[in-house]
Amino acid sequence: MEPLDRYRPIIDDFEAFIDACERPLPSAVRVNTIKATVERVRTALADADIAVEPVDWHDGLFVLPEDSPGANWPYFHGWIHGQEEVSVIPATVLDPQPGERVWDACAAPGSKTTQLAALMDDAGEVVATDNNLGRISALRTNTERLGVTTVAVTHEDGRNHSLKPFGGEGYDRALVDVPCSCEGTIRKNPDTLEDWTLSHVEGISGVQKGILKRAVEVTDPGGTVVYSTCTFAPEENEAVLDYVLEETDCEIVDYDLPLSHAPGITEWQDESFHPSVTNAKRIYPHHNDTGGFFCAKLEVPAE
Amino acid sequence: MSDQSTVFTRLPETDDEREDPERATREEVLDFWTDRFGVPPETFEGYTFWERGAGKLWLYQGTPPSPVDIEGLGMTVLRTRQEHWKPTLEAVQRFGEHASENVIRLDEDAARAFVAGEDQELDWDGDWGYLIVTHDLADEPEPVGVGLYVYGELRSQVPKGRRREV
């Protein structure tokens, strides 16, 4: 937990925060509405004697207090997908509509990609990019099992995403859920902080800036970009937003989030960030008994 | 990252537009689903069909310029360039509800054996060949995968990576 000590000045009730980080997180599943309704999934899980708890802010999510999502009928049919509560946030904030073109910049293993497709009623086009072939294989397995017909997969570095395969068309929306130091997943992966170094945080921040910049560039005027991480590190969150505000034409806008959260911060150590980063949301484990998360909504001005 | 095996080529609509004589046409694909399983052609309205490698067809919603060299385009749907075309488990799970022919309904025990990859002796009065296998889930029949019925036996075609002890 030692790397988290540096957040004492920015997190309210720091002891409760640390206590929450030490508690394991139960599995959760998202209903894949491309193949089933919430009601049928509820029935099928009950028939399989799998106990579920509802999630108050999202009726397509269930917590499985005693089971893992894998070996049951609804899973085999692609009716459910293992996805924890906070991981569901960014696609709901992006709010893609049927028929739109959407870019998922760091897509594998595809939990959010397939959620985007489901939110679009599997109508439109989701271009899912990743730079790792092994992880792309997991993404492909998930899109197949979940019966998604609208996802095209590209193998490239998101910083250099090419529009060429699709005839040069831009996007209505983009999801930028970047690789990060994953501090917020500590409840799921207790050894996630073992290899933590500040130089890794600072290095990956450069990659994040490049990917978010590319996402703003390829999103059409009037479009929306969502930036998210599962880390608390301001270097990977507000500092990245501050960079793209400088480098590109976009705004960070407020949005409704039906979960307790704290605003993005404008001061960190000797850095200060643009005031609009307070529109980003920080979700801490002790707020809602979830993992940790960061999510910002950006708009590209209409021409 | 360019490799012939990752190139997707869109299927020609009909025989008139066909350049590669071995490549299936969209018309043939729709006919296959109608003739074998009674799936109406309008089920696939709005989808495009693509071939990657030799014979594996994918179904997608967009219309990128063909050929397109990427890692995935929608979902796999059908294996062609062989005597008996074979639908994928994924296509059957997604579109099998529209099937009216060559559909075999299994009871719970037989369905469990099927997804575990087991072959089983069963009575079946219909055609031999690939069948859509269903079972009841949440009080309604639900397509689960593809079986090959020959010599009084239903052979599970569930791919190794998808087999489960449910």
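Contact of Pro143(B) with chain A is made through the backbone alone, with heavy-atom distances under 4.5 Å. Using a 4.5 Å cut-off between heavy atoms, Val77(B) does not touch chain A at all. Looking at Leu45(A), neither its backbone nor its side chain comes within 4.5 Å of chain B, counting heavy atoms on both sides. Using a 4.5 Å cut-off between heavy atoms, Ala123(A) touches chain B through backbone and side chain atoms alike. Using a 4.5 Å cut-off between heavy atoms, Asn72(A) contacts chain B through its backbone alone, with no side-chain atom that close. Neither the backbone nor the side chain of Asp130(A) comes within contact range of chain B; no heavy atoms are under 4.5 Å apart.
Among Val127(A), Thr141(A), Val151(A), Thr154(A), the residue making the largest number of heavy-atom pairs under 4.5 Å with chain B is Val151(A). Heavy-atom pairs under 4.5 Å with chain A peak, among Val144(B), Leu73(B), Val158(B), Leu59(B), at Val144(B). Contact count against chain A (heavy-atom pairs under 4.5 Å) is highest for Glu140(B) among Glu165(B), Arg164(B), Glu97(B), Glu140(B). Most heavy-atom pairs under 4.5 Å with chain B, from the set His77(A), Glu39(A), Lys35(A): that is His77(A). Interface summary for chain A: among Pro67(B), Gly161(B), Gly145(B), Ala111(B), the most heavy-atom pairs under 4.5 angstrom belong to Ala111(B). Ranked by heavy-atom pairs under 4.5 Å with chain A, the first of Thr63(B), Leu137(B), Val68(B) is Leu137(B). The choice from Arg40(A), Glu125(A), Arg101(A) that makes the most heavy-atom pairs within less than 4.5 Å of chain B is Arg40(A). By number of non-hydrogen pairs under 4.5 angstrom with chain B, the leading residue of Val41(A), Thr143(A), Ile136(A), Ile34(A) is Ile34(A).
Other residues, nucleotides and ligands contribute more than 12 heavy atoms inside 6.0 Å of the CD atom of Glu42(B). Heavy atoms from other residues, nucleotides or ligands lying under 6.0 Å from CG of Asp20(B) number more than 12. Around CD of Gln82(B), the count of heavy atoms belonging to other residues, nucleotides or ligands within 6.0 Å exceeds 12.
How far CZ of Phe95(B) is from OG1 of Thr149(A): 6.0 Å, rounded to the nearest 0.5 Å. Glu71(B) CD to Leu133(A) CG: the interatomic distance, rounded to the nearest 0.5 Å, is 5.5 Å.
Residues Pro165(A) and Pro65(B) approach most closely at O-CD, 3.3 Å, considering heavy atoms. Between Ala44(A) and Ala138(B) the shortest heavy-atom distance is N-CB, 4.2 Å.
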Take Tyr47(B) and Thr150(A) through the side-chain contact (heavy atoms from CB on, under 4.5 Å) test and state the conclusion after the steps.
-> CA-CA 9 Å; Tyr47(B) 293 106; Thr150(A) 45; over 6 Å; no
Under the side-chain contact (heavy atoms from CB on, under 4.5 Å) criterion, do Val115(B) and Trp73(A) qualify, and how do the steps go?
-> CA-CA 10 Å; Val115(B) 302; Trp73(A) 277 123; 3.6 Å; yes
Any chance you could lay out the side-chain contact (heavy atoms from CB on, under 4.5 Å) test for Thr76(B) and Arg140(A), step after step, and finish with the verdict?
-> CA-CA 10 Å; Thr76(B) 59; Arg140(A) 287 276 319 119; 4.1 Å; yes
Under the side-chain contact (heavy atoms from CB on, under 4.5 Å) criterion, do Gln93(B) and Arg145(A) qualify, and how do the steps go?
-> CA-CA 9 Å; Gln93(B) 285 196 354; Arg145(A) 186 177 56 84; 5.6 Å; no
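Salt-bridge check for Arg162(B) with Glu144(A): failed, with every basic side-chain N at 4.0 Å or more from each acidic carboxylate O. Using a 4.0 Å cut-off between charged side-chain N and carboxylate O, Lys164(A) and Asp69(B) make no salt bridge.
Considering only heavy atoms from C-beta on, Asp139(B) comes within 4.5 Å of Thr43(A) through its side chain.
Between Arg94(B) and the options Leu146(A), Asp122(A), Val148(A), a side-chain contact (heavy atoms from CB on, under 4.5 Å) holds for only Asp122(A).
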